[in-house]
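Structure, as structure tokens:
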Amino acid sequence: MEKVRVRFAPSPTGFLHVGNARTALFNWLFARQKGGVFVLRIEDTDIERSAEKYEKRLIEDLRWLGLDWDEGPDVGGKLGPYKQSLRIETYKKYTQKLLETGKAYYCFCSPEELENERKEALESGEMPIYKGKCRSIPWDEALQRIEAGEQATVRLLTPDKGNISFHDIVRGTLTFDLKLIGDPILVRSSGLPAYNFAVVIDDSLMQITHVIRGEDHISNTPRQLLTYQALSLSPPRFAHLSMVMGKDNTRLSKRHGAIGVDQFEKDGILSSALFNYLALLGWAPPEGKDIWAKKELAELFNLEKVSRSSSIFDYDKLHWINRQHIKNLSSRQKAQLAYPHLREAAFLPEKMSDAHWRWLEMVVEGLIERVDRFSDLPTQVALLFDFYPSEMKDEIREELKTDCAPRIIKLFSEKISHVENFDYDKFAMMTQEIKKETGCKGKGLYHPLRVVLTARGSGLDLDKFIPMVEEGAKLKLPKPLKSCSQRVAEILGFLSESDL
RNA sequence: GCCCCUGUCGUCUAGCUUGGUCUAGGACAUCGCCCUUUCAAGGCGGCAACACGGGUUCAAAUCCCGUCGGGGGCGCCA
């Protein structure tokens, strides 16, 4: 059997959109599953919109997602160059061949003329296609006009009657009426190839066996098939993937949330999680679980099982998957991934000592289960630092109006002021003593202690909170962390007799 | 407007090829309970779908037709 060769062919006009990322991912999955070759090709024939910086960004985004390619502009390969702007001479050669054999012709119609023709067709309820006005211009005359410097495009001569059909791997047989397909422009008047022409030449020369792309290309396929025919080239197989939509079932756009792969990275989504989520959008592995590693997905992928209907991008599910992937990380990895977010929120110094890292690991390990993205971590960490007795809510003061609370607070403040190197063990001993001395227990015992230490009514388990605060208080941090004894001393001034 | 694709819980999907095993399974979300000094996390459970209408058949989510809904395309963009 021939070796599978697939490609992802983005135009460098911006960041990598998750919809495109999924197309790239499915190509990659298919290539790896089949032991084939994955090619990256840059389609930059639209010089107006394409830019070098976008190409770089695209490559970075693709790599971040965990994709690698066997041939491409940055890695080379036998069938390059892998950038359309570098292949202009090749396209010209094929254009010449088509022109000489009469399979294509020069079209001198102006954009305005074509626009009018289109409008008229639309008004009379027809499909707006090129009527073929320049087909009848004799070859000699056309050549003369070209030599005289007249602007012209090159169009493919297509049949007016009959059908053309092809087998789509995800959709089955698709048939199109040829009278609804106008002669497509192969070469623009600028001399640069149009998309439909360049893809055919490139896919053919790069020996692509399977074209896996978005559904928006379905209607281009018959035109491309006709081009293969005119060139006597054999076409690849096609698979058209459904679109990725936003919550309201319209095309996924910025107002739905993050859509650029780099944005997900900034938001603290792990690339393994985005990879996992995207792979499951429109495809399901035989075993119905949700959390998968890249490698497993590559083993199980099956293009024929890909869904035909469009799917909505669900941020909730992505976040849940992200949480599961975070759980599988080591403490060290979690700390490293958390650092940039906490550094940006000014909770951590630029230079981290070993002690800082140890503290960070403890903090992240304790707080990470409360969030599903690293970008949410600063809000949680802020709860460690924020201690505002003066802004304590009335309902919390109310809760202290019990028989136990004043006695507990008094005893605790005395004990903590006499102890050195406070830690959770000492806290546990103190609470046992207080329990005996006051007879208070359970919520009645712990709630006042929590309030005294946090000025809040709820939060982290105290066995986690105390070590985080105590260890943090020993470190030099951009914003100092108050120790438990400091907190107790401070809050006492705000608890008036009436509170107690 | 015309052409093409598509339609299972709110969402992602399993099942559809080869009708019966489907009182339609799983996951996310949501709701409730449990755990717990609080909040999370976690555990357990509930709610929730075959778009609609006709056929075919002993039997249809599964096959056929129509309707309606959604999406895409109709560029000297890709």
Side-chain angles (χ1 to χ4, degrees), chain A residues 9-11 13 43-46 48-50 84 107 109-111 114-115 118 121-130 151-155 168 170-172 174-177 179-182 184-196 198-199 213-222 240 242-243 245 247 249-251 277 280-291 304-305 307-321 323 327 367-372 380 383 399 431 441-451 454 456-462:
Chain A
S11 5
T13 54
E43 310 222 321
D44 57 350
T45 55
D46 183 354
E48 310 269 299
R49 295 194 297 154
S50 298
Q84 291 187 329
C107 173
C109 297
S110 69
L114 296 171
E115 187 51 40
R118 193 172 302 126
L122 240 26
E123 274 164 26
S124 62
E126 282 167 47
M127 195 150 146
I129 59 163
Y130 180 62
Q151 291 267 299
T153 59
V154 176
R155 284 186 189 267
D168 187 293
V170 333
R171 279 152 219 282
L174 266 27
T175 304
F176 298 83
D177 191 337
K179 65 172 180 278
L180 298 172
I181 297 171
I185 288 180
L186 261 23
V187 183
R188 300 181 265 198
S189 52
S190 64
L192 288 173
Y195 164 77
N196 275 309
V199 250
R213 72 216 318 187
E215 191 180 32
D216 46 344
H217 285 291
I218 289 182
S219 55
N220 281 324
T221 312
H240 289 99
S242 57
M243 307 267 92
M245 315 298 277
K247 195 95 193 153
N249 212 23
T250 60
R251 240 187 159 130
Y277 177 70
L280 264 39
L281 202 56
W283 173 67
E287 192 193 332
K289 63 171 190 171
D290 287 304
I291 305 304
E304 285 165 37
K305 290 290 216 170
S307 166
R308 292 175 302 272
S309 56
S310 61
S311 35
I312 291 173
F313 195 94
D314 183 352
Y315 291 89
D316 283 337
K317 183 128 189 186
L318 169 65
H319 293 161
W320 178 80
I321 288 179
R323 185 193 283 274
K327 276 186 193 165
L367 295 176
I368 198 74
E369 70 183 20
R370 309 176 81 82
V371 300
D372 45 33
Q380 294 296 321
L383 265 23
E399 283 164 8
T431 50
K441 59 181 181 179
K443 191 173 178 176
L445 171 64
Y446 285 96
H447 192 72
L449 294 173
R450 167 179 300 285
V451 172
T454 66
R456 255 189 235 97
S458 67
L460 211 50
D461 290 344
L462 290 175

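So you know, we letter chains A, B, ... as the sequences are listed, proteins then strands, and number each from 1. The analysis underlying the following values was restricted to heavy atoms, covering all of them including side chains, and did not include hydrogens, waters or symmetry mates. Note that the structure is a prediction, hence the values are computed from the model and not measured.
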- [ ] Flag yes if more than 12 heavy atoms outside Lys289(A) fall under 6.0 Å of its NZ atom; otherwise flag no.
- [x] yes

- [ ] Mark yes or no for a side-chain to base donor-acceptor pair under 3.5 Å between Ser219(A) and C74(B), with no hydrogen or angle criteria applied.
- [x] no

TODO: Please tell me which of the listed nucleotides, A78(B), C74(B), A14(B), lies nearest to the side chain of Asn220(A)?
DONE: A78(B)

Open item on the list: The side chain of Ile312(A) is closest to which nucleotide in this list: C5(B), C12(B), A78(B)?
Closed with: C12(B)

TODO: With the side chain of Asn249(A) defined as its heavy atoms from C-beta on, choose the nearest nucleotide among G70(B), G71(B), G1(B).
DONE: G70(B)

- [ ] Answer yes or no: does a side-chain N or O of Arg323(A) lie under 4.0 Å from OP1 or OP2 of A29(B)?
- [x] no

TODO: Show the numbers, then the answer: is there a side chain to side chain contact (heavy atoms under 4.5 Å, CB included) between His240(A) and Arg171(A)?
DONE: CA-CA 7 Å; His240(A) 289 99; Arg171(A) 279 152 219 282; 3.9 Å; yes

Open item on the list: Using a heavy-atom cut-off of 4.0 Å across all strands, would you classify Ser11(A) as base, sugar-phosphate, or nothing?
Closed with: sugar-phosphate

TODO: Between C68(B) and C63(B), how far apart are the P atoms? Round to whole Å, please.
DONE: 22 Å

Open item on the list: With a 4.0 Å limit, can you tell me whether Arg188(A) has a side-chain N or O closer than that to the phosphate oxygens OP1/OP2 of A78(B)?
Closed with: yes

Open item on the list: Using heavy-atom distances to pick each residue's nearest nucleotide on RNA chain B, tell me which of Leu281(A) and Trp320(A) is more 5'.
Closed with: Leu281(A)

Task: Contact under 4.0 Å: Lys247(A) side-chain N or O vs C12(B) OP1/OP2 - done: no

Open item on the list: With a 4.0 Å limit, can you tell me whether Lys179(A) has a side-chain N or O closer than that to the phosphate oxygens OP1/OP2 of C3(B)?
Closed with: no

Task: Touch class at under 4.0 angstrom, heavy-atom based, for Ser242(A) against every strand present - done: nothing

Open item on the list: Looking at G71(B), I'd like to know if its phosphate oxygens (OP1 or OP2) sit under 4.0 Å from a side-chain N or O belonging to Arg251(A).
Closed with: no

Task: Any Ser309(A) side-chain N or O less than 4.0 Å from OP1/OP2 of G71(B) - done: no

- [ ] Kindly say if Arg456(A) contacts the phosphate of U38(B), meaning a side-chain N or O under 4.0 Å from OP1 or OP2.
- [x] no

TODO: Indicate the atoms forming the closest heavy-atom contact of Tyr277(A) with Leu318(A), along with that distance.
DONE: CB-CD1, 3.6 Å

Open item on the list: Quick check for you: among C76(B), C12(B), A78(B), whose closest atom lies nearest to any side-chain atom of Lys317(A)?
Closed with: C12(B)

- [ ] Could you please name the partner base of C63(B), counting Watson-Crick and G-U wobble pairs only when both distances are under 3.5 Å?
- [x] G55(B)

- [ ] Measure from the side chain of Asp316(A), starting at C-beta and using heavy atoms only, and say which of C28(B), U6(B), C3(B) lies closest.
- [x] C28(B)

TODO: Output the single nucleotide from C76(B), G71(B), G73(B) whose closest atom is nearest the side chain of Asp216(A).
DONE: G73(B)

Task: Selection from C74(B), C76(B), G72(B) that lies nearest to any side-chain heavy atom of Met127(A) - done: C74(B)

- [ ] Between Thr175(A) and Pro286(A), just flag the one whose closest nucleotide in RNA chain B comes earlier from the 5' side.
- [x] Thr175(A)

TODO: Choose from G71(B), U38(B), C77(B) the nucleotide whose nearest atom is closest to any side-chain atom of Met245(A).
DONE: G71(B)

Open item on the list: Please confirm whether the ring centroid of Tyr195(A) lies under 6.0 Å from the ring centroid of His217(A).
Closed with: yes

TODO: Take atom CH2 of Trp283(A) and atom P of A27(B), then tell me their distance rounded to the nearest Å.
DONE: 19 Å

Task: Watson-Crick or G-U wobble partner of G1(B), both distances under 3.5 Å - done: C74(B)

Task: U30(B) - base-pair partner by Watson-Crick or wobble geometry, distances under 3.5 Å - done: G46(B)

- [ ] Report the nucleotide, chosen from C12(B), G7(B), C4(B), that has the shortest atom-to-atom distance to any side-chain atom of Phe176(A).
- [x] C4(B)

- [ ] Return the value, rounded to whole Å, for the distance between atom CD1 of Ile321(A) and atom C1' of U11(B).
- [x] 12 Å

Task: Whole-Å C1' distance, G15(B) and A24(B) - done: 8 Å

Task: Asp372(A): side chain to side chain donor-acceptor pair (under 3.5 Å) partners, not counting sequence neighbours - done: none

Open item on the list: So if I take every side-chain heavy atom of Ile218(A) and compare against C5(B), A41(B), C28(B), which nucleotide ends up nearest?
Closed with: C5(B)

- [ ] Would you please confirm or rule out a distance under 4.0 Å between OP1 or OP2 of U13(B) and any side-chain N or O of Ser311(A)?
- [x] yes

Open item on the list: Could you report the tightest heavy-atom contact between Leu449(A) and Thr431(A), atom names first, then the distance?
Closed with: CD1-CG2, 3.4 Å

- [ ] Looking only at non-hydrogen atoms, find the nearest pair between Pro128(A) and Ala121(A) and report the distance.
- [x] CA-CB, 3.7 Å

